[in-house]
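Computation of the quantities below employed the complete heavy-atom set of this structure, encompassing side-chain atoms and omitting hydrogens, waters and symmetry-equivalent molecules. Each chain gets a letter, A, B and so on, in the order its sequence line appears, and its residues count up from 1. These numbers come from a predicted model, not from an experiment.
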Amino acid sequence: MPRYNPSEIETFWQAYWEREGTFATPELPHGPKRYVLDMFPYPSGDGLHVGHPEGYTATDIVARYARMRGETVLHPMGFDAFGLPAEEHAIKTGEHPRVQTKRNIDNFTRQLKMLGFSYDWDRVISTTDESYFRWTQWIFLVLYDTWFDRESQKGRPIAELPIPKSVELAGEEAIGKYRDERRLAYQADALVNWCPELGTVLANEEVQDGKSERGGYPVKRIPLRQWMLRITDYAERLLEGLDELNWPVGIKKLQQDWIGRSTGAEVDFFIGDDSAREPWLESRRTTGFPDDPGHDALRVYTTRPDTLFGATYMVVAPEHPLVKSLTHPEQADAVASYCEKASFKSDRERTDGDRGKSGVFTGSTAVNPVTGGRIPIWVADYVLAGYGTGAIMAVPAHDARDFEFAVSYDLPVIPVVDPPSDHPKREGILAGKVCFEAKGAAINSPGYDGQQTDEVKRSVTQTLTKDGLGNGAVNYKLRDWLFSRQRFWGEPFPILHELDSLGQPTGVKRPVPDGDLPVRLPDLEDYKPHGRPEPPLAKADDDWLYVELDGKRYRRETNTMPQWAGSCWYYLRYIDPTNEKQLIDPEKEKEWMPVDLYVGGAEHAVLHLLYSRFWHKVLYDRGHVSCPEPFNRLVNQGMILGEVEYTGYRDEAGNPVSAADVGKDEEGNRVTASGSAVSVVSLQDADLDKVGETFVLKSNSEIRVDSRAFKMSKSRGNVVNPDDIVQQYGADSLRLYEMFMGPLEATKPWAMTGVGGVRNFLDRVWRMIVDDKADELRLSAAIMEEQCDESQLRMLHQTIKKVTEDTDAMSFNTAIARMMEFTNFFTRAKKRPAEAMRTFIVLLAPYAPHLCEELWRLLGGKNSVSLESWPQWDEAALIESSIEIPVQINGKVKVKISISPDTSRDSMMEIALGDERVQALLEDKTLVKQIAVPGRLVNLVVK
RNA sequence: GCCGGAGUGGCGGAAUUGGCAGACGCGCCGGAUUCAAAAUCCGGUGAGGGCAACCUCAUGUGGGUUCGAGUCCCACCUCCGGUACCA
């Protein structure tokens, strides 16, 4: 019995494709090109989960479809294989991460091949390959060799950096330092999360409430020399570049918000003695607003210079460099202890809202530049050191945070913006009892009263600029990118630190010469942390750690790059994966770039995509790539959740409790309204009824039940393994099901019965063509070398049209629905013209390639169906001789009439009004209005 | 709090963008085939009412625009995701 047997067919055709090189991509495209890219996976030990094939199937369909349309397609795959899990595995087992990584990549490769994706496997790369990370290191050196020229908004070689005379005179060392301060890759002291117990530095995500996520040990923030990338210089370019991209608006918005551009002004507040103030003001009037405020001024950044008259105090961040000098002796202890406490809090904790605001007075005051009055300076951790100038002017009347702080510490509130007269809380606002953050008319602002916010902003900034006390300024939330990790399993930095004769670093850095790349990872005895905030590479043998070059001794940089590094540019390497001389051949780059379609999860909406764009722009500025943006079109696949779960509740006595009466206590445990604990019972849908909006127990309709699908997770036990699905249903079924579940971008719950549904469809396709009663594999007797009749021809061409359009629009679910209709239609037919079957198989091939190869062969195809060209539909065949349209009366369908589809408006109306059923309905009524839409409907408005 | 996205049958989802709501699939019901079952094939399936032809009600809720609203506007509710003092 020749039943559809996926496991046999699928392995056969996968071997065929590999043997024949069916999907090998030429070096250069001939004719139109399409670069279709997946976000490459991290090869975890768990193998693929069903979320991977979702995006991969979508791109595979697009890639196969594009090939059939005659485009040259680049559709590659690779592995983002540096990362923490392999290192943790190494710490536990002593096995080199490379070994485990290799094993995982092999497993992923097996799984990916099992799904029949049309990747060009000759181009596969892993970020951990030496031949790959050699170029990651090389790009780092490009960043190191680049400075950002603000004037031209462009990265340029460091050799072109203009050196001021004074620096030049100070000698080589000063020039070196001057350059180092301007490179896109630079070292700086950054605060890291150091956990002494674990003996390691942690990422922000690994720290919760000031404690390590693993173990719950205290984490301290300590400054450590770190590599940073000056992504902030590219903020404006990264923002502007978004305009031209075909990305989901939501993702663009996320990136915009992340970059967080704001405009306002920097303002200097005088902090010296009163006697020194006049000369200071005078000098400012003549010299203008300086780059450096000097020691007698405190500089703030504000987006609301119009509220300067309402600034009643100032706040500096605990890490602000002036904290010490601003602190009065009698406040010294309080300030010191406050700052110490703040240093223990993680960024996350400090910025965790609703926690109330705390602060401490420094004892000193500053002069408000517009009122001339003295206002107190506080230290508080609600001001962030890393944003703006790390200091603010506080305007409690018009800033919610300042207001909250002012109320706590009883600081004055002076309203300077009058809300619109119809504002419900206007009185409270004017009395300084309520905070108002929106725009209005200035009050209590001598010289500006009555003017509107925007106007006041402008003129206050103008006046400050004229007096040398302020200047318009732009700020970004985006921070420079902390680029080094104290980890083993990452790319080593290709940087050498010069040592003096005593073996101490001189501070001079030197890039590893190009010919010496890659800098490989050393072999370590063990990978365990060693209790100092120093990277594991510092434990390497001396012959790795120390280098002699041109008679000088150097110590290697021992930090490694973050996982982002390798994923920042992999899309370029696919184009020229084995080039040993260059990152990428410029000719190939020009032909293939940019990526035409990039599909992946939304979790990379900000970081990966922003980092990648940043590197790409630097490479662009330095002439290594030809296009300013890497990813033309981006599509985010939605998450696949586990099967829907029904959850009921029971009290301690075991009696069912309605979900409506179940809440959560402070610790998140489920309890009844009276506070007693409830237990959770998992239910089957056979036990349930639906009443209105909710599910209830069949046995007792008073008892409500929760119904929800959850994110797949090991702990919940709802993870679906692709291996199992392929084994049970076949790869084509898995592919098809994931595409049929719903729109690609939507979040959707898994349903095993649905997989059975699409398998059912493939079985029907098989039986439509194959004689399943015969002993050997042969065509069904219904397949004939005959012409389609009119309705078959229409069905065929409508299907070609729908599948073409839907595949173009990536509406795979509706394309599949249409192919199901086709199959249902032709299964019923006694005669199935072979030509129609062949055309249909071509349409289905991108979706279910294995099955289609098999049936294609059976229908007489000689080559792979993947090499066929995509069919065209014939408009003439689509036209139906007559269509049924509704006749509405007052917008409600009453009667249906049959007309030819090209009937004119007037004759439609004539036919409708001539219909006796319509006439009967119109009796005793007055026809007020008649609407006819050709090919659609007739609507009669009557009274 | 803020920013996104979404609410349509028992379930997943369709709906040429303002024109017959529920395509397609699952599930369920009935029939055929079978000694029986599986598989397969055929038919039915939003709710309520009626013997029936038919009627009424239905796209989270309430209003509005329109000949006509799942689709547009206003107000609100719920869920999901992201984000968090950026001055």
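Distance check on atom C1': B:G9 versus B:A58 gives 10 Å, rounded to whole Å. Spacing between B:G48 and B:C2 at atom C1', rounded to whole Å, works out to 44 Å. Atom P of B:U59 sits at a distance of 11 Å from the matching atom of B:A69, rounded to the whole Å. Comparing B:C42 with B:C26, their P atoms are spaced 13 Å from each other, to the whole Å. Nucleotides B:G50 and B:G31 are separated by 26 Å at their C1' atoms, to the nearest Å. Between B:C74 and B:G82, the distance separating the two P atoms is 28 Å to the nearest Å. Going from the C1' atom of B:U33 to that of B:A52 covers 34 Å, rounded to whole Å. Here, B:C72 and B:U17 have their P atoms 14 Å apart, quoted to the whole Å.
RNA chain B is contacted by both A:G757 and A:L478; A:G757 maps to the nucleotide lying nearer its 5′ end (nearest heavy atom per residue). Residue A:G742 is the one, among A:G742 and A:G260, whose nearest nucleotide of RNA chain B lies closer to the 5' end (criterion: closest heavy atom).
Considering only side-chain N and O atoms, A:Y382 lies nowhere under 4.0 angstrom from the phosphate OP1 or OP2 of B:A87. Contact annotation: A:N824 reaches the phosphate of B:G25 (side-chain N/O to OP1 or OP2, under 4.0 Å). The phosphate of B:C26 has OP1 or OP2 within less than 4.0 Å of a side-chain N or O from A:N760. Between B:G43 and A:R828, a contact under 4.0 Å exists linking OP1 or OP2 to a side-chain N or O. Applying the 4.0 Å criterion to OP1 and OP2 of B:C11, one finds that A:T753 has every side-chain N and O outside that range.
Residue contacts shown for A:R759 are absent, as no nucleic acid heavy atom lies under 4.0 Å away. Across all strands, A:T827 comes closer than 4.0 Å to no nucleic acid atom at all (heavy-atom distances). Counting non-hydrogen atoms under 4.0 angstrom, A:R767 reaches the backbone sugars and phosphates but no base.
Among residue pairs with one or both ends in residues 634-645 of chain A, those qualifying as side chain to side chain donor-acceptor pair (under 3.5 Å) are A:E645-A:R716; sequence neighbours excluded. Applying the salt bridge (charged side-chain N to carboxylate O under 4.0 Å, His left out) definition to pairs two or more places apart or across chains, those involving residues 736-748 of chain A are A:E54-A:K748.
Remark: P of B:C55 and NZ of A:K894 are 6 Å apart, rounded to the nearest angstrom.
Checking B:A14, B:C42, B:C3 against the side-chain heavy atoms of A:R764 singles out B:C42 as nearest.
Using a cut-off of 4.0 Å between Lys/Arg side-chain N and Asp/Glu carboxylate O, A:E437 and A:R304 are scored as not salt-bridged.
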Parsed dot-bracket for RNA chain B after applying the Watson-Crick and G-U rules with both distances under 3.5 Å and | for other-strand partners is (((((((..(((......[....)))((((((.......))))))((((....))))..(((((..]....))))))))))))....

